[in-house]
**Q** 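Structure below; questions to follow.
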Amino acid sequence: MKIALLVEYDGSAFNGWQVQPDGRTVQGALQDTLARLSGNETIVIGAGRTDAGVHAVGMVAHADVNVSAEMPSWKLLEALNALTDEDIVVRDARVVSEDFHARYSAVERSYEYRIARRRIAVGRNYAWQVWQQLDESAMQAAVAMLVGEHDFTSFSKLSDDVNHYRCTVTQAALVNSGDMLTIALSANRFVRGMVRALVGATVEIGKGKLSIEAFRRLIDEPQELHRAKFICPAHGLTFMRVSYPDSFGLW
């Protein structure tokens, strides 16, 4: 049967989501867990492929598993969490229809990036510490430009598995909560490195090192030779949630 998993993980000790020849990955850890549970090799497909060091509180994945369809969801969930390490938590597990696909059925994904405005100890592994003065009004103006459909070639890493770099950003906000700035972005899709490159450029604007006009040109006139020029650290980024059509009955 096919199941959907709602997954939370601390990306600090992972080499990203996708299985690699060397290094621990989230996908690999989940596949090992499901294999131990079902007794069969299992492929887990995620809604996104986070980079090394990126965290998630609402990643969704699916897998075809060889377990009894009569097993209650709570028991499956309990069994999964008993076998995962403590830096991965399966928050929920549900049986889904065979036409569900964690990646291709998704209609919207959301990320948040946290920027600490002072030196911090608690939470330092989940925020980029930027101590110098930032022009927040200029950063707000830059973030507001992102809403709509754009070609994000200038703000992405080269990928072999995508046909284009056009994404529709549905929500973009810069939120000030005292010592912490949060840049929240939602879109129908994100290309590799996109959020970190956009945040990095936005911070450069805040520092006065990149003009609003230059930022606009990077959006309006995609630069193949200067991809992801201002990419920021991975540890401040968290994958928040993914949305699906209501017909799937998911989160």
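The basis for the numbers below is simple: all heavy atoms, side chains too, and nothing from hydrogens, waters or symmetry mates. Count residues from 1 along the sequence. No experiment lies behind these values; they were computed from the predicted model shown.
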**Q** Can you confirm whether more than 12 heavy atoms, excluding those of Gln133, are under 6.0 Å from its CD atom?
**A** no
**Q** For the CD atom of Gln18 and the CZ atom of Arg49, what is their distance to the nearest 0.5 Å?
**A**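 Rounded to the nearest 0.5 Å, the CD-CZ separation comes out at 4.5 Å.
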**Q** Who else is in Val19's hydrophobic cluster (ILVMFWY, side-chain heavy atoms under 4.5 Å, direct or via others)?
**A** none
**Q** If you measure from OG on Ser156 to CZ on Arg227, what distance do you get to the nearest 0.5 Å?
**A** 4.0 Å
**Q** Only one of Phe155, Phe152, Tyr111 clears side chain to side chain contact (heavy atoms under 4.5 Å, CB included) with Val195; which?
**A** Tyr111
**Q** Take a 6.0 Å sphere around CG of Asp99 and say whether it holds more than 12 heavy atoms from other residues, nucleotides or ligands.
**A** yes
**Q** Side chain to side chain contact (heavy atoms under 4.5 Å, CB included) with Ile183: which of Thr202, Leu237, Val203?
**A** Thr202
**Q** Between Arg196 and Asp51, is the closest basic N to carboxylate O distance under 4.0 Å?
**A** yes
**Q** Distance from Phe230 atom CZ to Leu210 atom CG, nearest 0.5 Å?
**A**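 Going from CZ on Phe230 over to CG on Leu210, the span is 4.5 Å.
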**Q** As an exercise, state the distance from CG of Asp92 to CG of Leu5, rounded to the nearest 0.5 Å.
**A** 9.0 Å
**Q** Can we say Glu136 and Arg117 salt-bridge, meaning some charged N sits less than 4.0 Å from an Asp/Glu carboxylate O?
**A**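 The answer is yes: the pair qualifies as a salt bridge.
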**Q** Identify, with sequence neighbours excluded, every residue that meets ring-ring contact (aromatic ring centres under 6.0 Å, His included) alongside Phe14.
**A** none
**Q** Run the salt-bridge test on Arg24 and Asp87 with the 4.0 Å N-O cut-off and return the result as yes or no.
**A** yes
**Q** In Å, rounded to the nearest 0.5 Å, how long is the span from CZ of Phe190 to CD of Glu108?
**A** 8.0 Å
